[in-house]
Structure formats: C-alpha cells, structure tokens
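The shown structure was predicted, so the numbers you read here are calculated from the model rather than taken from an experiment.
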Amino acid sequence: MAYEISDACISCGECAKQCPVSCIKPGDGKYDIEGSDCIECGTCASVCPVDAPYSN
C-alpha cells in the first residue's frame, strides 16, 4: 500500500526533497503523496522529523 501523510505534518518539505520518484507535493496545510506514483520505499518516513508519513 502507498504511504500517506498524517495531519502531524509540519510542511517542512524534507519528504518531498528526498522522494526518489517525486510523488510528494505541497497540499492544503500539509504535504500529500500521490498514491499511484508511490513506490513504497519508506524514504519519506525515514526523514520526517515528526513521523507524519505512514504505510497504509
């Protein structure tokens, strides 16, 4: 299952900078992951300072 980003996101952008397929974009108050493009690598979760990305 693709990763998602919870409301804990502080919009720091680290996940988007590190995503190898560039599927993370700024959204309304938090970043969003385009699920169909996510390769489920977990990079976003490993760099997030607040553990917002999670595997669904």
**Report entry** Heavy-atom donor-acceptor pair, Glu40 side chain to Met1 backbone, under 3.5 Å
**Finding:**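 Confirmed, Glu40 side chain pairs with Met1 backbone.
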
Query raised in the report: Any donor and acceptor pair, going by atom type alone, linking the side chain of Lys30 with main-chain N or O of Ser11 inside 3.5 Å?
Result: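 Between the backbone of Ser11 and the side chain of Lys30 there is no qualifying donor-acceptor contact (under 3.5 Å).
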
How far apart are the closest heavy atoms of [X] and [Y], and which atoms are they?
X: Cys48; Y: Ala52; answer: SG-N, 3.2 Å
X: Cys9; Y: Tyr31; answer: SG-N, 3.4 Å
X: Cys23; Y: Asp37; answer: CB-CB, 3.6 Å
X: Ile24; Y: Ala16; answer: O-CB, 3.6 Å

Report task. Begin with the C-alpha distance, continue with both residues' side-chain angles, and end with the deciding distance and a verdict on side chain to side chain donor-acceptor pair (under 3.5 Å) for Ser6 and Glu4. Result -> CA-CA 7 Å; Ser6 73; Glu4 294 184 20; over 6 Å; no

**Report entry** Criterion side chain to side chain contact (heavy atoms under 4.5 Å, CB included) against Cys15, the qualifying member of Ser46, Cys44, Pro49
**Finding:**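 Single side chain to side chain contact (heavy atoms under 4.5 Å, CB included) partner of Cys15 among Ser46, Cys44, Pro49: Cys44.
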
Query raised in the report: Please walk me through it: do Asp32 and Lys25 pass side-chain contact (heavy atoms from CB on, under 4.5 Å)?
Result: CA-CA 5 Å; Asp32 292 313; Lys25 307 287 185 220; 5.7 Å; no

Report task. Check whether more than 12 heavy atoms from other residues, nucleotides or ligands sit under 6.0 Å from atom CG of Asn56, and answer yes or no. Result ->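 Enclosed.
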
Query raised in the report: Quick one: OG on Ser55 to OH on Tyr3, what's the gap to the nearest 0.5 Å?
Result: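 These two atoms lie 5.0 Å from each other.
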
